[in-house]
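Encoded as structure tokens, the structure appears first; notes follow it.
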Amino acid sequence: MRTSQMLIPTLREVPADAEIESHKLLLRAGMITKLVSGIYSFLPLGYRILMKIEQIIREEMARSEAQELVMSALRPAEGYQSSGRWDVFGPEMFKLKDRHGRDFCLGPTHEEIFAEVAKSTIKSYKSLPMILYQIQTKYRDERRPRFGLMRSREFVMKDAYSFGKDANDLDISYKSMYDAYCRIFDRQGLDYMVVDADTGAMGGSGSQEFMVKSYAGEDVIAYCEKCGYAANSEKAECLLDNEDDIISSESLYKPMEKISTPGMKTVEEATQFLNCDAKDLVKTLLYKADDKIVAALVRGDRELNETKLRNYLGCTELQMADAETVSEITGADVGFAGPVGLDIDLILDLEVAHMKNFVVGANETGYHLINVNINRDFKASAIRDIRTIAEGDICPQCRGSIKVDRGIEVGHIFKLGTKYSEAAGCAYIDENGKEQYMVMGSYGIGVTRLVAAIVEQNNDENGIVWPLSVAPYHVAVVPINTAEGPQMDTAQRIYNELLDAGVEAILDDRKERPGVRFKDLDLIGIPIRITVGRKVSDDIVEYKCRKTGKVVELSSTQAIEKVKKQIL
RNA sequence: CGGGAUGUAGCGCAGCUUGGUAGCGCACUUGCUUCGGGAGCAAGGGGUCGCAGGUUCAAAUCCUGUCAUCCCGACCA
């Protein structure tokens with residue numbers, strides 16, 4: 001294609017509402033445009049990238065014997081109602097009614113729908129295990145869409161579902177998808193990590209996430225370089241620092257005292273005032289779990305892990321109690337809550353359970369208690385690991401040192417079990433003629449998010465640097481002076497020969513100064529540029545690599561050969 | 001959903017304090033000169049100043065409401 005005829009609306013200035021690099025660059029390079037918050041259109045160049053990514057996914061899914069199909073994004077409510085997720089998703093789901101008042105939604109994910117299809121089409125154990133997938137647009141009314149394609153309300157997802165006879169079948173499918181995902185992300189040139197993850201609202205027995213390492217990522221991953229352990233920080237288990245030290249000896253208990261701490265609401269203020277360390281204080285956090293109020297206690301310098309707390313409580317909704325509730329329960333302003341004399345469930349972090357003579361709020365505005373001790377001064381309802389792992393913590397696998405980084409979740413695989421097949425009545429007939437529920441797995445890839453993730457990892461000060469495998473075009477042929485016959489003729493000939501050889505080439509014939517065209521081609525990230533300039537009279541052209549910036553002078557034939565070698 | 005910020009031409013912004021009927025840069029159109037890393041000169045086109053009320057002789061500017069967008073948090077496969 002000739003660029004003079006192409007829609008490449010590049011922007012010199014960065015749109016004001018873009019924050020992260022991928023969002024800025026995709027907008028500037030004319031790959032996407034925003035319709036409303038969280039909904040984007042893909043312009044021709046951006047769409048080519050999306051299709052390249054999809055194609056890689058299709059090839060690797062096929063290699064793992066997964067079969068593609070496609071369903072409507074518009075779904076009747078029933079499927080989601082029988083699994084309970086109509087309510088679990090709640091306002092996250094785009095819901096609508098047809099003219100008869102019947103409930104519909106735009107599908108946020110399709111576990112129950114695939115279970116229904118499997119129920120009606122797969123009858124015998126002889127067909128199992130089987131993997132079905134689709135690449136389809138999904139809708140989630142995110143509370144806060146952000147970062148362009150990173151968290152949008154409409155996005156393309158590859159969602160695959162495996163159906164098996166038993167846990168063994170599930171393991172086989174799971175492994176097969178795991179391997180396919182590695183091949184897919186490898187081919188897309190990504191630096192990624194596979195981490196253990198929480199199953200969240202999906203349910204099931206286990207799951208792993210494929211995380212692309214990036215400071216722009218929304219997830220925090222904890223990993224150990226020594227043994228290779230890696231987990232989402234929501235999931236990463238926290239061990240006690242020193243197991244020997246935890247034998248508590250009551251003889252060391254000091255008498256509890258109430259101290260006046262006027263206005264010292266935060267951990268920082270209180271510890272400074274009392275001249276102690278955050279490690280000597282215990283935070284008492286009040287949470288509303290469905291309709292019950294509970295208190296979660298963690299050390300002053302730690303973060304509570306809400307996922308862990310939620311999993312322990314088994315509740316659907318979990319949020320911090322508002323100031324009004326806090327004062328009602330504790331009888332004090334926010335900042336002075338403590339476990340002593342508090343008549344609600346107290347869930348203690350493991351670490352807290354082994355502390356001695358610590359500081360807590362006194363449940364009285366302006367007062368803290370010091371030298372507080374468990375059992376003597378209050379009783380725990382439960383002792384659990386409920387804090388978030390931090391850099392330098394102990395690796396739960398090898399007791400090495402944990403590192404913490406940010407990542408973009410591009411893939412997530414789940415061992416679901418029979419949750420959805422039971423809800424849908426999805427059963428098969430086994431060897432003995434008996435009905436059994438199918439054992440399911442679900443495997444997602446955020447296709448549009450991948451576009452952003454690839455840009456996050458592949459850009460420089462001049463723009464995007466697409467890996468060859470997903471670049472919208474492989475080569476741009478640029479005649480410096482489009483008005484000069486010999487330059488144009490040679491450029492045209494090279495372009496034609498590349499096309500004939502099956503190379504995806506564009507001819508930059510725009511009536512712009514060379515600098516403008518160079519800047520644009522760098523911005524949109526075409527991997528190879530062949531420049532036809534003055535030396536055309538000696539049949540010399542330039543071959544430039546976008547990634548390295550290296551330029552070599554070659555004859556036109558050599559340049560064509562070099563391209564073919566790179567690409568085909 | 002809580003906190004903060006911003007809405008003026010396709011993009012980036014000024015003007016608003018102190019009301020007087022809209023401006024700059026980029027982009028776009030035309031012409032000339034240029035032509036190897038976002039050219040110069042000249043002449044043009046494009047805006048109900050987010051929307052709705054109100055105050056006023058007069059509102060981009062002041063007041064009220066509303067909507068949208070972004071950021072932080074909460075939340076989330």
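Below, chain A is the first sequence line, B the second, and so on; all start at residue 1. Because the structure is a prediction, the values reported are computed rather than measured.
- Among residues two or more places apart in sequence or in another chain, the side-chain hydrogen bond (donor to acceptor under 3.5 Å, both in side chains) test is passed with Asp290(A) by Thr316(A).
- Remark: Ser83(A) pairs with Glu112(A) by the side-chain hydrogen bond (donor to acceptor under 3.5 Å, both in side chains) rule, at least two apart or across chains.
- Under the salt bridge (Lys or Arg N to Asp or Glu O under 4.0 Å) criterion, Arg310(A) pairs with no residue, sequence neighbours left out.
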Identify all side-chain donor-acceptor contacts of residues 522-534 of chain A below 3.5 Å with residues at least two apart in sequence or on another chain.
residue   : atom : partner   : partner atom : Å
Arg529(A) : NE   : Thr531(A) : OG1          : 3.1

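- Contacts of Ser37(A) with the nucleic acid, taken as non-hydrogen atoms under 4.0 Å apart, involve only primed sugar atoms and P, OP1 or OP2.
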Quick one: which protein N/O atoms are closer than 3.5 Å to N/O atoms of nucleotides 50-52 of chain B? Pair and distance per line, please.
none

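- Across all strands, Glu542(A) comes closer than 4.0 Å to base atoms (heavy-atom distances).
- With sequence neighbours excluded, no residue forms a salt bridge (Lys or Arg N to Asp or Glu O under 4.0 Å) with Lys544(A).
- At the heavy-atom level, Arg534(A) lies under 4.0 Å from base atoms of the strands shown.
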| query | If the sugar-phosphate is the primed atoms plus P, OP1 and OP2 and the base is the rest, what is the B/S/- string for nucleotides 1-16 of chain B, using protein heavy atoms under 4.0 Å? | reply | B---------BSS---

Kindly give the atom pairs (protein nitrogen or oxygen, nucleotide nitrogen or oxygen) under 3.5 Å for nucleotides 42-45 of chain B.
none

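- Annotation: salt bridge (Lys or Arg N to Asp or Glu O under 4.0 Å) contacts of Asp196(A) (sequence neighbours excluded): none.
- Judged by distance alone, with hydrogens and angles left aside, the side-chain atoms of Glu269(A) form a donor-acceptor pair with the main-chain N or O of Thr266(A) at under 3.5 Å.
- Take Glu19(A) and apply the side-chain hydrogen bond (donor to acceptor under 3.5 Å, both in side chains) test, not counting sequence neighbours, and it matches no residue.
- Applying the 4.0 Å criterion to OP1 and OP2 of rG36(B), one finds that Lys544(A) has every side-chain N and O outside that range.
- Not counting sequence neighbours, Glu422(A) has no partner by the salt bridge (Lys or Arg N to Asp or Glu O under 4.0 Å) test.
- Looking only at atom types and distance, the side chain of Ser152(A) has no donor-acceptor partner in the side chain of Arg146(A) under 3.5 Å away.
- Residue Pro108(A) is classed as a base contact, given a heavy-atom separation below 4.0 Å to a base.
- Asp322(A) comes within 4.0 angstrom of no nucleic acid atom, judged by non-hydrogen atoms across all strands.
- Across all strands shown, Arg85(A) has no heavy atoms under 4.0 Å from either base or sugar-phosphate atoms.
- Scanning atom types as modelled, one donor and one acceptor separated by under 3.5 angstrom connect the side chain of Asp520(A) and the base of rG38(B).
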Contacts table for residues 321-329 of chain A: side-chain donor-acceptor under 3.5 angstrom, sequence neighbours left out:
residue   : atom : partner   : partner atom : Å
Asp322(A) : OD1  : Glu324(A) : N            : 3.3
Asp322(A) : OD1  : Thr325(A) : N            : 2.8
Asp322(A) : OD1  : Thr325(A) : OG1          : 2.7
Ser327(A) : OG   : Ala323(A) : O            : 3.2
Ser327(A) : OG   : Glu324(A) : O            : 3.0

